[in-house]
Amino acid sequence: MMVKKYTLKKINETGFRRPAIDEARFSINYRHELNEAQFDAASSVEGNYLVIAGAGTGKTRTLVYRVARLIESGYDPSSILLLTFTRKAAREMMGRAALLLDNRCSKINGGTFHSFANLTLRKYSKSLGMDSSFTILDQGDSEDVINLIRGQLNLAEMKKRFPNKQTLLKVISLKVNTGKTIEEILEEDYPHFSIFTDKFYEIDRNYEEYKRRNNLLDYDDLLVYLKLFLAQKTSAASNLLSNIKFIMVDEYQDTNKLQADIVKALSKINNNVMVVGDDSQSIYSFRGANFKNIMDFPSLFSGVKLIKLEENYRSTQSILDFTNQIIERAVEKYPKVLYTRKKEGEPPAIVSAINENMQSRFIVDRILELREEGTALSEIAVLFRSSYFSFDLEIELNKANIPFVKFGGMKFVEAAHVKDVLAFLRIAMNPRDFVSWYRVLLLHEGIGPKKAQNFIDEINLTGFSFDKKPEALRMLNYFSNIEDLILLVLELRGKKRSPAENLDLILNYYNPLFKDKYDDFNKRRKDLDVLINISVNYKDAETFLSDMAIEPPQDSVTDIEAEDKENEHVTLSTIHSAKGLEWHSVFIIHAMEGFFPSAQSIDSIDNLEEERRLMYVASTRAKQNLYITYPMNIFDRISGHTISKPSRFISDINKELIEEWIIEDE
């Protein structure tokens, strides 16, 4: 008998074979391209890692190089999952990795939590007993559904003001994303509505039932059902989890409880997770983001290695010394000290003005001086805690003929005319999308809210199918009013066309309704042209509508001032909208107690600490010049003029780190 020897091969803990890594064969010299901490992160392979990436320390560069290195090491690109908070960020990272290495990098699984959930649920819908052709409700649609349900309550009998649809949806959404109960949320954020707790629960139940009945999912459902799918002990879930070898999560400090639970569930087979973020830039608690996710990561995952990126490539050391001291005083943090090899530069200026108007005039004067010194207007930003802080400044900028763009406007798909057109397409895809029916019906002359609701009720009660022949539809009571609309829906459903072709049919029908409804239809028409241009990139309506809901284009032309012919403007922005951006010179305005930090935050340590992080985020946007301004006198509607105090975040800064400026009139 022949004896055959069998040699056991080295298999790592996750069960897949570890490729032999030969540094000399890599096409990229990773050690040369990255600093020591970046290389440590980029060369990490198996295990769990928490990368604390300070502002401007090359977080994206590190992730891009890690993707390239994993692929050069022999790992299948499709086994890498990169989760980000915007699809733009995912595309940028994949594009940069492809330029760095080759096109294999574009084959990794990259996208937002919501886009990944959408694709997964459509692929594995049967496993959850779902219909894969579900429609995704955007925030406005969800509010409209809530409003329909709200309207069924006898509110007049309550004799007290009942919350609006936006508040109702926000409470229901926070419940899902934070794991808190409705009672807890009302007690913390809306104590004046606690008397309606039972009604909140009733609306929540009816909302869930409505969505289930009509094959609708909202943003939160995408994550809820993804978590549910991952928790199943099915072959479908195991298949997905086995194929994901490496999980990378960007901006982990912005995740909510549900997203953190999903990351944990995704890692249960291969247990290879790298999360990257900065605890000092956690500023989105109002959206449900949980600061504790990044702080508790080492205790929730096994054998976590902590890597800190502290070398800053953005700001001067003078600015970093200032920002380091702001965050050094945080109650809970991962201690880090940002440093740079750049020249020191001018220290940040704390600028006190007699009143708000003098603050505005100082900023205008300094912008004009910077412009003459060679700094482009596009390299200058004014940041503020709340949008209304900039109203006086906007007047002064206009007087000085300084063009500016203010961020925080209407999103493209929230524009009424864009929602109108998408509603037609949504009906064609899911004829039981009654929110879209309601919107479309109200566009037609002679159909008001009551007739529209009666028509919807008739379809709903009779279980009417739009797959029937046109003749069968004549039995509907309101057929004569909307014969052309129903024929359009039938045509859209009858033949397989591209989204662009369907939009062409819809716009032919919509055009006269559009002109009747909007006085400024010529201006709004540009948005519809943009919609057509976007749709050309899609082959099917399902993907097009999903992307419009999950990752919409940001700006509507009806909301943006015509750009200056020089195509150069100063940026005005809330700090929340400015995160991730940078400018040569930054002004932070209204840095005074009661405004920044806000009066509402002063009674809560958690809220006050988030305000501190907001000041840190704002300050770390500056590359060369940082000016923090406040008016010493402010008009208060109740008490008239009052003397203000500078923000606690700047009043106790070491005087050696700053210059103090006092503004005087000529």
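Since the structure is predicted, the reported quantities are computational estimates derived from the model, not experimental observations.
- Here the closest non-hydrogen pair linking Asn48 and Ser302 is ND2-O, 3.0 Å.
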Before giving the answer on salt bridge (Lys or Arg N to Asp or Glu O under 4.0 Å), spell out for Glu208 and Arg205 the whole-Å C-alpha distance, their side-chain angles and the decisive distance to 0.1 Å.
-> CA-CA 5 Å; Glu208 288 303 313; Arg205 282 193 302 272; over 6 Å; no
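- Put simply, the side chain of Tyr627 never gets that close to the backbone of Ile350: no donor and acceptor are under 3.5 Å apart.
- Between the side chains of Asp220 and Ser173, a donor-acceptor pair is found at a separation under 3.5 Å.
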Intermediate values then yes/no, side-chain hydrogen bond (donor to acceptor under 3.5 Å, both in side chains), Thr84 and Asp250 = CA-CA 5 Å; Thr84 61; Asp250 189 22; over 6 Å; no
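- Side chain of Gln325 to main chain of Asn654: a donor-acceptor pair is present (N/O by atom type, distance under 3.5 Å, no hydrogens or angles).
- One finds a salt bridge joining Lys257 and Asp261 here, because a Lys/Arg side-chain nitrogen approaches an Asp/Glu carboxylate oxygen to under 4.0 Å.
- Scanning both residues, Asp278 and Ala53, for their nearest heavy atoms gives CB-O, 3.2 Å.
- Here the straight-line distance linking atom CG of Leu186 with atom CZ of Phe196 works out to 10.5 Å at 0.5 Å rounding.
- Judged by distance alone, with hydrogens and angles left aside, the side-chain atoms of Asn177 form no donor-acceptor pair with the main-chain N or O of Leu174 at under 3.5 Å.
- Although no hydrogens or angles enter the test, the distance criterion places a donor-acceptor pair under 3.5 Å between the side chain of Asn312 and the main chain of Ala55.
- With respect to Arg371 and Glu379, no salt bridge is recorded, no charged nitrogen being found less than 4.0 Å from a carboxylate O.
- Relative to the six-membered ring of Tyr616, Arg613 misses at least one condition, a distance below 6.0 Å or an angle of at most 45° to the axis.
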Walk me through it: do Leu223 and Gln259 pass the test side chain to side chain contact (heavy atoms under 4.5 Å, CB included)?
-> CA-CA 7 Å; Leu223 301 187; Gln259 288 162 329; 3.8 Å; yes
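- Panel note: side chain Lys227, backbone Leu258; no donor-acceptor pair is recorded below 3.5 Å.
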Checking salt bridge (Lys or Arg N to Asp or Glu O under 4.0 Å) for the pair Asp652/Arg329: CA distance, chi angles, key distance, verdict?
-> CA-CA 10 Å; Asp652 58 359; Arg329 295 174 182 178; 3.1 Å; yes
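- Counted by atom type alone, Tyr201 and Asn206 present zero donor-acceptor pairs between their side chains at under 3.5 Å.
- Atom OG of Ser315 and atom CD of Glu582 lie 8.0 Å apart (nearest 0.5 Å).
- For the ring pair (Phe, Tyr, Trp, His ring centres under 6.0 Å) with His590, the lone residue among Phe595, Phe384, Phe596 that qualifies is Phe595.
- Contact check on Arg612 versus Glu328 returns no salt bridge, with no Lys/Arg side-chain nitrogen under 4.0 Å from an Asp/Glu carboxylate oxygen.
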With salt bridge (Lys or Arg N to Asp or Glu O under 4.0 Å) as the test, would you mind laying out the steps for Lys579 and Glu251 before giving the verdict?
-> CA-CA 11 Å; Lys579 186 170 168 289; Glu251 304 285 12; 3.1 Å; yes
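- Salt-bridge annotation for Glu184 and Lys175: absent, with no side-chain N of the basic residue lying under 4.0 Å from a carboxylate O of the acidic one.
- Residue Glu369 qualifies as enclosed at atom CD: its count of foreign heavy atoms under 6.0 Å is above 12.
- When atom types are taken as modelled, the side chain of Tyr284 and the backbone of His576 share a donor-acceptor pair closer than 3.5 angstrom.
- Under the 3.5 Å distance criterion, with hydrogens and angles disregarded, no donor-acceptor pair is assigned to the side chains of Glu202 and Tyr207.
- Between the side chains of Thr629 and Gln359, at least one donor N or O lies within less than 3.5 Å of an accepting N or O.
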Could you walk me through whether Thr255 and Asn293 pass the side-chain hydrogen bond (donor to acceptor under 3.5 Å, both in side chains) check?
-> CA-CA 7 Å; Thr255 53; Asn293 285 351; 3.1 Å; yes
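- Separation of atoms OG1 (Thr57) and NZ (Lys336) is listed at 9.0 Å; rounding is to 0.5 Å.
- The shortest side-chain heavy-atom distance between Glu311 and Tyr339 falls under the 4.5 Å cut-off.
- A salt bridge is absent between Asp254 and Arg287; no separation between the charged side-chain nitrogens and carboxylate oxygens falls under 4.0 Å.
- Judged by distance alone, the side chain of Asn164 and the main-chain N or O of Thr167 form a donor-acceptor pair under 3.5 Å.
- Shortest non-hydrogen contact noted between Ser619 and Thr323 is CB-CG2, 3.4 Å.
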Please lay out, stage by stage, how Lys170 and Asp189 fare under the test salt bridge (Lys or Arg N to Asp or Glu O under 4.0 Å).
-> CA-CA 11 Å; Lys170 188 171 184 186; Asp189 300 330; over 6 Å; no
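- When Val570, Leu377, Asn625 are each tested for a side-chain contact (heavy atoms from CB on, under 4.5 Å) with Leu370, only one passes: Asn625.
- Annotation: the span from Tyr49 atom OH to Phe301 atom CZ amounts to 14.5 Å, rounded to 0.5 Å.
- The minimum heavy-atom distance between Asn401 and Pro403, with the atom names listed, is O-CD, 3.5 Å.
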Could you walk me through whether Lys406 and Ser390 pass the side chain to side chain contact (heavy atoms under 4.5 Å, CB included) test, one step at a time?
-> CA-CA 9 Å; Lys406 185 172 179 179; Ser390 70; 3.0 Å; yes
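- Remark: Ile326 CD1 to Phe649 CZ distance equals 8.5 Å, nearest 0.5 Å.
- In terms of modelled atom types and a separation under 3.5 Å, the side chain of Glu659 and the main chain of Pro347 share no donor-acceptor contact.
- Ring orientation note: the planes of Phe200 and Phe162 are tilted relative to one another, at an angle of 30° to 60°.
- To the nearest 0.5 Å, atoms CG (Asp392) and CE (Met358) are separated by 11.5 Å.
- Other residues, nucleotides and ligands contribute only 12 or fewer heavy atoms inside 6.0 Å of the CD atom of Glu187.
- Side-chain contact of Thr340 with Gln317: a donor-acceptor pair under 3.5 Å is absent, judged by distance alone.
- Scanning both residues, Glu593 and Pro646, for their nearest heavy atoms gives CG-O, 3.6 Å.
- With 3.5 Å as the limit, one finds no donor-acceptor pair spanning the side chains of Ser142 and Asp138.
- Side chain of Ser601 to backbone of Pro597: no donor-acceptor contact under 3.5 angstrom is found.
- Side-chain atoms of Asn607 and Glu611 form no donor-acceptor pair, as typed in the model, at a separation below 3.5 Å.
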Passes side chain to side chain contact (heavy atoms under 4.5 Å, CB included), Leu393 versus Phe404? Steps please.
-> CA-CA 11 Å; Leu393 174 61; Phe404 64 89; over 6 Å; no
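- For the pair Leu608 and Arg648, the minimum side-chain heavy-atom distance is below 4.5 Å.
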Start with the C-alpha distance between Asp279 and Ser282, add both sets of side-chain angles, then the distance that settles side-chain hydrogen bond (donor to acceptor under 3.5 Å, both in side chains), and finish with yes or no.
-> CA-CA 5 Å; Asp279 52 301; Ser282 178; over 6 Å; no
Take Ser115 and Thr112 through the side-chain hydrogen bond (donor to acceptor under 3.5 Å, both in side chains) test and state the conclusion after the steps.
-> CA-CA 5 Å; Ser115 64; Thr112 65; 3.1 Å; yes
